[in-house]
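Here the structure is laid out as structure tokens; the discussion comes afterwards.
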Amino acid sequence: MTDFREDGAAALEWTARYLERVGELPVLAQVKPGELSAQLPAAAPEQPESFADVLRDLDELLLPAFTNWQSPRFFSYFAVTSSEPAILAELIAAALNQVAIVWRASPASTELELRVVDWVRQLLGLPEGWHGHIEDTASTSTLAALIAARHVTGRDVVLCSEHAHSSVEKGARMLGMNLVKVAAADDLGMVVRGRSFDEVACVVATVGTTSFASVDPVRALAERTRAAGAWLHVDAAYAGSAWICTEERWSQDGVELADSLVVNPHKWLMLPMDCSLLWTSRPEQFREAFSLVPEYLRTPEDAFALSEYGPALGRRFRSLKLWAVLRCFGAEGLRSIQREHIRLAKLFAGWVDEDPAWELVAPQRFSLVVFRRHGTDEENEAIVQRANASGEIFLSHTKLDGRYVLRLAIGNVRTTEDDVRRAWEVLNR
Ligand SMILES: Cc1ncc(COP(=O)(O)O)c(C=O)c1O
């Protein structure tokens with residue numbers, strides 16, 4: 001059983017200590033598949049154990065099996081930060097356990113969510129009047145957008161670039177919609193011309209693709225999409241957060257014409273999983289696609305239920321951590337972290353560019369660098385595997401035109417120039 005105050009203090013101490021030493025731990029978990037399972041009891045205990053036992057096993061059994069996303073040398077996928085204000089807010093949100101199914105089930109959660117999502121809308125320079133709410137992930141947000149698009153258009157074709165995130169394909173597949181992937185142009189952006197949009201329900205444009213951080217020509221796509229009566233969804237899950245810096249808004253051109261937009265603060269606004277912001281410029285039609293209020297949820301107050309705008313009924317109190325982060329960092333604090341990440345990415349890209357043994361394979365955008373060493377795919381793959389096995393850094397790969405290429409993504413608040421320099425040294429070693 002637990003003594004909440006005592007165990008709580010121990011849990012907080014564990015957390016603080018973990019964050020202090022995370023840079024000393026291997027970045028990628030250095031365990032083999034099944035190694036942890038073999039050490040875990042096959043069944044739950046019949047008798048209560050202490051929370052201290054849980055913390056002990058966290059250290060002894062689980063710690064070696066964590067890939068440390070909070071490490072300053074985590075450069076894989078999209079690197080992220082779960083910041084201290086958000087961690088504390090998650091603790092309180094769990095204590096409050098607000099299940100915001102309808103307004104009265106949690107007026108605070110519903111109204112704070114609307115307000116803070118609107119704060120972010122303003123910080124990103126998005127149009128007034130857009131309705132925004134929080135979903136768990138960009139995968140769900142995009143799924144919701146596809147549902148709205150099909151509802152509004154009565155069509156079932158989804159159009160996206162070959163570089164769109166797999167969540168678009170997965171969403172289309174789950175909905176039984178037909179996905180058409182368009183080959184990208186030389187700049188890795190989606191090609192607009194040469195195809196009729198007349199049968200299309202939804203065009204998904206990406207700002208900041210997963211592999212290359214490339215940007216689709218949103219304005220041109222929006223014009224074609226509108227003319228064909230289709231829905232435009234913009235996936236800016238990663239790069240959209242960078243619009244808090246006005247100098248990154250070149251990539252926002254045309255987004256004001258979108259029917260829906262997803263941006264994930266859990267990628268680059270110092271929030272932990274999960275927090276995905278979904279806006280729509282057509283709230284009434286979006287609501288029509290989802291609203292289903294059974295008798296047992298009808299209330300005397302004719303107020304707002306955010307569950308009418310997406311797939312889930314039970315909604316967790318995600319706005320609390322967003323509120324905490326926006327207040328404790330302030331917009332300027334968040335901007336300066338992102339600017340530093342972008343500076344470090346440019347610095348690394350410069351080293352690659354100047355070294356004849358290496359090459360940049362895509363224009364450097366936001367905080368991502370995509371590169372390879374001159375040589376075979378096997379040689380490049382071996383470099384990544386050896387680097388990750390060292391535990392010193394963790395980076396991931398993708399393919400461009402069939403060639404194996406490396407990705408270095410910067411997104412952790414603890415990452416310094418020394419960490420990025422170390423990554424370069426490890427790769428060259
Ligand atoms: C551009 C883009 N869209 C969507 C996603 C999916 O995000 P989520 O894990 O929140 O579903 C990702 C994940 O990296 C992404 O990079």
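One-based numbering, in listed order, for ligands and for the atoms of each.
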Distance to the ring centre below 6.0 angstrom and angle to the axis at most 45 degrees; does that hold for R343 and F348?
no
Could you tell me whether the side chains of H233 and T142 share a donor-acceptor contact shorter than 3.5 Å?
yes
So which heavy atom on L19 is nearest to which on Q70, and how close?
CD2-NE2, 3.7 Å
N264 and ligand 1 - part of the residue with a heavy-atom distance under 4.0 Å
side chain
Could you tell me whether W424 and W358 have their ring centroids closer than 6.0 angstrom?
yes
At less than 4.0 angstrom from any non-hydrogen atom of G208, what atoms of ligand 1 do you find?
1 (C)
Return yes when S276 approaches ligand 1 closer than 4.0 angstrom through a heavy atom, no otherwise.
no
Who's the nearest protein heavy-atom neighbour of atom 6 (C) of ligand 1, and how far?
H165 CE1, 3.3 Å
Are F394 and Y77 an aromatic pair by the rule of ring centers under 6.0 Å?
yes
N/O to N/O below 3.5 Å, does that happen between H266 and ligand 1?
yes
Is there a heavy atom of M273 sitting under 4.0 angstrom from any atom of ligand 1?
no
Does R327 make a cation-pi contact with W323 (under 6.0 Å, within 45 degrees of the axis)?
yes
Which of the numbered atoms in ligand 1 are under 4.0 angstrom from any heavy atom belonging to A237?
2 (C), 3 (N), 4 (C)
For T415 and D419, test the side chains for any donor-to-acceptor distance below 3.5 angstrom and give the result as yes or no.
no
Can you tell me if Y238 contacts ligand 1 (heavy atom of the residue under 4.0 Å from the ligand)?
no
Do the two ring centres, one from H131 and one from Y309, sit under 6.0 Å apart?
yes
In ligand 1, which numbered atoms sit nearer than 4.0 Å to a non-hydrogen atom of F78?
14 (O), 16 (O)
I'd like to check which ligand 1 atoms, numbered from 1 as shown, lie under 4.0 Å from a non-hydrogen atom of T137.
8 (P), 10 (O), 11 (O)
Geometry only, no angles: is A138 polar-contacting ligand 1 at N/O separations under 3.5 Å?
yes
Answer yes or no: does an N/O atom from S167 fall short of 3.5 Å to an N/O atom of ligand 1?
no
Looking at ligand 1, is there an atom of it that comes within less than 4.0 Å of some heavy atom belonging to D235?
yes
Considering both backbone and side-chain atoms of T210, is one of its nitrogen or oxygen atoms within less than 3.5 Å of a nitrogen or oxygen in ligand 1?
yes
Quick check on the 6.0 Å ring-centre criterion: do F78 and Y238 meet it?
yes
Please write down residue, atom name and distance for the protein heavy atom closest to atom 13 (C) of ligand 1.
K267 NZ, 3.0 Å
Under 3.5 Å side-chain donor-acceptor pair for S276 and S141
yes
Look at atom 11 (O) of ligand 1 and say which protein heavy atom is nearest, naming residue and atom and giving the distance to 0.1 Å.
S139 OG, 2.5 Å
